[in-house]
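We number each residue from 1, following the sequence as shown.
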Amino acid sequence: NRLYHHNLARFNYTTYDVRRAQDVVNPRTAHCNIMLLKNRDDDGHSGKYCYAKVIGIHHANVVRLTNVYESRRIEFLFVRWYEPVQDHAWDTCTLGRVHFRPLANQNAFGFVDPGVVLRACHIIPAFSRPQRNPGERSISPLAGDKHDWPEYYVNR
């Protein structure tokens with residue numbers, strides 16, 4: 001009956017020149033965004049990836065009661081999902097754009113297995129647009145929506 005919280009998650013990946021590298025994700029810093037391969041049943045947008053902001057890094061020791069007492073460690077990330085606005089396009093030299101799903105959307109938050117994360121990614125606020133919540137008001141302190149922008153650029 002206990003969840004364990006972690007401050008960092010490390011993701012190993014292979015670079016474009018076939019070298020090994022590691023990304024470190026920390027939910028309390030700007031290095032908190034991840035990219036995953038999109039499922040086929042997702043929203044039908046043509047991009048290959050989906051993006052999320054990591055809010056929490058956790059694990060739980062789950063006990064399966066059968067004939068034998070069996071304990072297993074389950075790791076998971078608590079995330080807030082981004083929705084695609086525009087895909088990355090090489091021909092027009094534009095970065096992909098995303099925005100957060102509305103907090104009222106039942107799919108705005110979710111849990112992710114760290115094993116399916118491709119790597120961390122750099123999400124850049126679209127500074128040309130005004131900040132969504134410029135005052136001190138916030139709908140959800142957990143989501144950190146006080147500092148939301150209407151759109152972000154994806155720098156993979």
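By the neighbour-count criterion of 12 heavy atoms within 6.0 Å, atom CZ of R72 is sparsely surrounded, having that number or fewer from other residues, nucleotides or ligands.
The heavy-atom pair separating P114 from L77 by the smallest distance is CG-CG, 4.1 Å. Between A108 and P102 the shortest heavy-atom distance is CB-O, 3.3 Å. The two residues V98 and P84 come nearest to each other via the heavy atoms CG1-CA, 4.0 Å. When every heavy atom of E75 is checked against every heavy atom of D113, the shortest pair comes out as O-OD1, 4.2 Å. I34 and V79 get closest at one heavy-atom pair: CD1-CG1, 4.3 Å. The shortest non-hydrogen separation linking T15 to A21 is CG2-CB, 3.6 Å.
There is a path of hydrophobic side-chain contacts, each under 4.5 Å, that joins I57 to L36. Cluster membership check: W81 does not share its hydrophobic cluster with L37, using side-chain heavy-atom separations under 4.5 Å among Ile, Leu, Val, Met, Phe, Trp and Tyr. Cluster membership for F100 and M35, using ILVMFWY side-chain heavy atoms within less than 4.5 angstrom, is shared.
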Next on the checklist: Show, in sequence, the C-alpha distance, side-chain angles and deciding distance for N107 and R101, and conclude whether the side chain to side chain contact (heavy atoms under 4.5 Å, CB included) test is met.
Outcome noted: CA-CA 8 Å; N107 296 322; R101 291 181 178 168; 3.5 Å; yes
Checklist entry - Between K38 and K48, does a side chain to side chain contact (heavy atoms under 4.5 Å, CB included) hold up when you go through it step by step? => result CA-CA 6 Å; K38 186 177 278 194; K48 297 178 186 177; 5.9 Å; no
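Side-chain atoms of Y82 and H99, non-hydrogen and from C-beta on, never get closer than 4.5 Å to each other. Side-chain atoms of V54 and F78, non-hydrogen and from C-beta on, never get closer than 4.5 Å to each other. Side-chain contact between F11 and R119 is absent, with no heavy atoms from C-beta onward closer than 4.5 Å. Between V154 and L95 the shortest side-chain heavy-atom distance does not fall below 4.5 Å. The shortest distance between side-chain heavy atoms of V117 and V112 falls below 4.5 Å. Residues I55 and P27 are not in side-chain contact: their nearest non-hydrogen atoms beyond the backbone lie 4.5 Å or more apart. C121 is listed as a side-chain neighbour of I123, based on a closest heavy-atom distance under 4.5 Å. A heavy-atom distance below 4.5 Å is not found between the side chains of Y51 and E83.
Distance alone, capped at 3.5 Å, places no donor-acceptor pair between the R10 side chain and the Q22 backbone.
Between T14 and R20, the side chains place a donor N or O and an acceptor N or O closer than 3.5 Å (distance only, hydrogens not considered). Between the side chains of N33 and Y152, not a single donor N or O lies within less than 3.5 Å of an accepting N or O. In the model, N7 has a side-chain atom that pairs as donor or acceptor with a side-chain atom of R28 under 3.5 Å.
Applying the ring-ring contact (aromatic ring centres under 6.0 Å, His included) criterion to Y16, with sequence neighbours excluded, gives no partner residue. Scanning for ring-ring contact (aromatic ring centres under 6.0 Å, His included) contacts around H31 gives an empty result, with sequence neighbours left out.
A distance of 6.0 Å or more separates the ring centres of H58 and H6.
Using cut-offs of 30° and 60° for the angle between ring planes, the F76 and F111 rings count as perpendicular.
Here the straight-line distance linking atom SG of C32 with atom CZ of R80 works out to 11.0 Å at 0.5 Å rounding.
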